[in-house]
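Data block below; observations after.
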Amino acid sequence: MRKAMISDCESFGNVFLGCVVLAAGLLLSFPGLAVTGAPKAEASKCGSQHMAMMKESKGYTRAEKKYEIPDVKLVDMRNNPIRLRQMLDTGEPVLLQFIFATCTTICPVLSATFGAAQEPLNNMGRKYRMVSITIDPEEDTPGHLREYAKRFKSGEQWAFLTGSIENIESVEKAFDVYASNNKMYHRPYTFLRAGAGAPWVRIEGFMSAGELVAEFQKMPDSAKRVP
Amino acid sequence: MMLARKITSVVWAGFLALTCATPLGHAWAEEAADSSLGGRLYLKGILASGEPLKGVVRGDVMVSGTQDIACVRCHRRSGYGASEGGSYVLPISGASLYEPREANRAKIFNKLFKEDQSKMFWARMRSPHIRPAYTDATLSRVIREGIDPSDRKLVSAMPRYDLPERDMRNLVAYLKTLRTTPDPGVDDKNIYFATIVTSNADVAKRKAMLNTMDRFVEWINLETTGNFHNPNFSPHYRSELLKSARIWKLSVWELKGAPDTWAAQLAEYYRKSPVFAVIGGLVEGPWEPISQICEREKLPCLFPHTDLPTMNAESYYSVFFNRGLTLEAEAIAQFLADAKPASRTRILQLHQAGLQGIVPASALRKAMAENAAFQIESVSFGDASSMNAALAHLAESYDALVLWPGNSTADILQRLDQSPSLPSRIFLPSGAMEQLPSGLSNKLMSRLFFAYPYDLPDAHHPDSYRTRGWLASQKVPLVYPQLQLDTYYALNIVQYGLDEIIERFSRDYLLENVERLSESAMNPGVYPRLSLGPGQRFASRGAYIVQIPTGDTKFKVVPASKWIIP
């Protein structure tokens, strides 16, 4: 429902939005067409109002999926052999991320979020397991993973896993995160699951610790119909 | 009245004097910004106070210097940023920040069209993030609050840093020093490279390697010259990239004499002709004296052929295919340990007295130090008589023999063939394979195991065909496949790297892109897998243990192990 009086900012916003949609439409139809003269965003109160609106939006996407966990043996950071299905299908809720120890742009932030969420999750009194699996297993030996884990003050409930390249790739493919060309094109994924029968919540992007805890609390319990 | 005025002026004078001496007045007399402290903040995440840098992500995720979130981690030494993990990390050199950002396809060309990123990244690169130039004030704001001068929010992955004022000024001063001039080794027309060969390297190998390099440089220059002659023919926006194209000039830096003279020889070569990078190379001896110039001049030294790479963790500018003889020793150690022998295993290790013997011998000892199941006896030999003395140890029975013969492989194996007592397994480095003398008995051959840090003969490498095809088309005979294919990889990755950096002629930026591209560059099939990442310097990490089958067989090596990553 539109208000009777539209402020200057709103009308500007509508026009601007229209331009963006049009430009996006053109770009999607003609790949490779780069826009060279876009409308300049005015660094004025209109811009800040627009930004304020955007600040409230989520910084990540969320979907629910079912994945078949391959029955592979991995290795944790203390060199213990781990059967992945056994670790993930305990009945406890699981939070899972894919990282690698020399990653600079996104993994420190992803792991820092796990690290920051430990305290609120612990305070909830529910048992849970955090798992970080490397996508660079040849480089990330258990020793390298130990060094990585130390940076984020990981508790006992947080496992860091590596393994053979074939096994790691099969896990990546199972969770549909495999960046086939080059690990450097991996993306910031976090997975959550309430328990063995429940669907996985697939999150792409960055969350605050509060947002991660909120997603944890509203994980779907049962295996409802998921595509 | 006069007295009142006098008192007032005295009071004012006193007030002014007081404020100038107090913190209030201190703000007027600012400390000069210290760009070297700013550099320490940028590179190490340490504030001027000595405390670690702290930041916040999305309001409640604290990140600190101990987690390694100094600016350099994402924005890199070059300051040109990166595009990893679906995140476009922006360039933050002074020039990039203090100019308005315009939509310039050429600057972000590969991110637009070549990288295998997500749809969000694709859309992000096509949303023109035009912004006015930063000022010192708006730069402070963006670091603290994450809002840029066009009032846009920075992405969540960029922490917000509540820097003390002094650190902010230092950091800004440092950023203004980044990338003010192009790096040496490139001018308006040419880009200069060198390759390093030692005079003791095999002459035929050197010839094969240089032949490969010369043909590649000739071929790439032909293409570039052709593009210059047709500037308006612009498939794939080529005309926009033409001004960053350069003719390659390759010099050969030959090192004579003992390794401890190499650093001085290199310094002289570099003084005469500073190059943008060192590509490939054939070094019979330790890389360590050579790495000194790579570090000192911040010169990328990319993928030389050496079995004694620098193992120093501080070394940044040298990049290798693998860890050479150290890797081979560790692979042998792991192979022996994996067999989990039932009883105590006695190992005799005979090694040549030079570095080619000492380095792997001590690596093997170190790898087995914690393993109580193994007892290792190490004996060094130099000349023929000490070799005999060393071999005499075999009279005591050992379960395995590990040999690091250097260039004495033929000699020592021939003597072993005459020896009455032979352990059931004899381990050798891969370099020994091409020195095997003819006429060794099957009895000896069947006991030989080689560390083999290469892929097996029947492995599938689709890009191997492309590389071999190119060499054939250029009439480059493939006399030493491993060396020549490795050399091609090194040249190719520099070519890809230059395509990435376009006109940002920064050696650091080239090296950062080599790190990123290694995994998706054409692997011509010498190693199972080549990949690097930020800070990684050895692109292949493992080895097989193989044997040479006797008789008329399909393959020249057969594996005795899986791929071992020690």
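None of the values given here were measured: they were computed from a predicted structure. Naming: A, B, ... by sequence-line order, numbering from 1 per chain.
- For chain B, no part of A/Tyr148 is nearby; none of its heavy atoms comes within less than 4.5 Å.
- Note on ring orientation: taking the six-membered ring where Trp is involved, the planes of A/Phe114 and A/Trp158 are perpendicular (angle over 60°, cut-offs 30° and 60°).
- Cation-pi check for A/Arg202 over A/Tyr189 is met; the charged atom lies under 6.0 angstrom from the ring centroid and within 45 degrees of its normal.
- Residue contact with chain B, scored on non-hydrogen atoms closer than 4.5 Å, involves the backbone and the side chain of A/Lys183 alike.
- If you measure heavy-atom distances from B/Ser83 to chain A, the contacts under 4.5 Å come from the backbone alone.
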For this session: Assess whether side-chain hydrogen bond (donor to acceptor under 3.5 Å, both in side chains) is satisfied between B/Ser520 and A/Asn182, documenting all intermediate values.
Result: CA-CA 6 Å; B/Ser520 43; A/Asn182 191 330; 3.0 Å; yes

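- Aromatic ring centres of A/Phe175 and A/Tyr67: separated by under 6.0 Å.
- Annotation: cation-pi pair B/Arg537/B/Phe320 absent, no NZ/CZ under 6.0 Å from the ring centroid and within 45° of its normal.
- Of the listed residues A/Leu212, A/Ile165, A/Thr141, the one with more heavy-atom pairs under 4.5 angstrom with chain B than any other is A/Ile165.
- Comparing B/Gly533, B/Ser156, B/Pro534 by how many heavy-atom pairs each has under 4.5 Å with chain A, the most go to B/Pro534.
- Contacts with chain B were tallied for A/Cys103, A/Gly205, A/Ala116, A/Ser208; A/Ser208 has the most, counting heavy-atom pairs under 4.5 Å.
- No part of A/Cys107 comes within reach of chain B, as not one of its non-hydrogen atoms sits under 4.5 angstrom from that chain.
- In this structure, B/Tyr527 has its ring center closer than 6.0 angstrom to the ring center of B/Tyr454.
- For A/Asp140 and A/Thr134, the side-chain atoms include at least one donor-acceptor pair closer than 3.5 Å.
- Contact count against chain A (heavy-atom pairs under 4.5 Å) is highest for B/Arg541 among B/His75, B/Lys562, B/Arg541.
- Ranking B/Gln536, B/Glu84, B/Arg76 against chain A, the residue ahead of the rest is B/Glu84, based on heavy-atom pairs under 4.5 Å.
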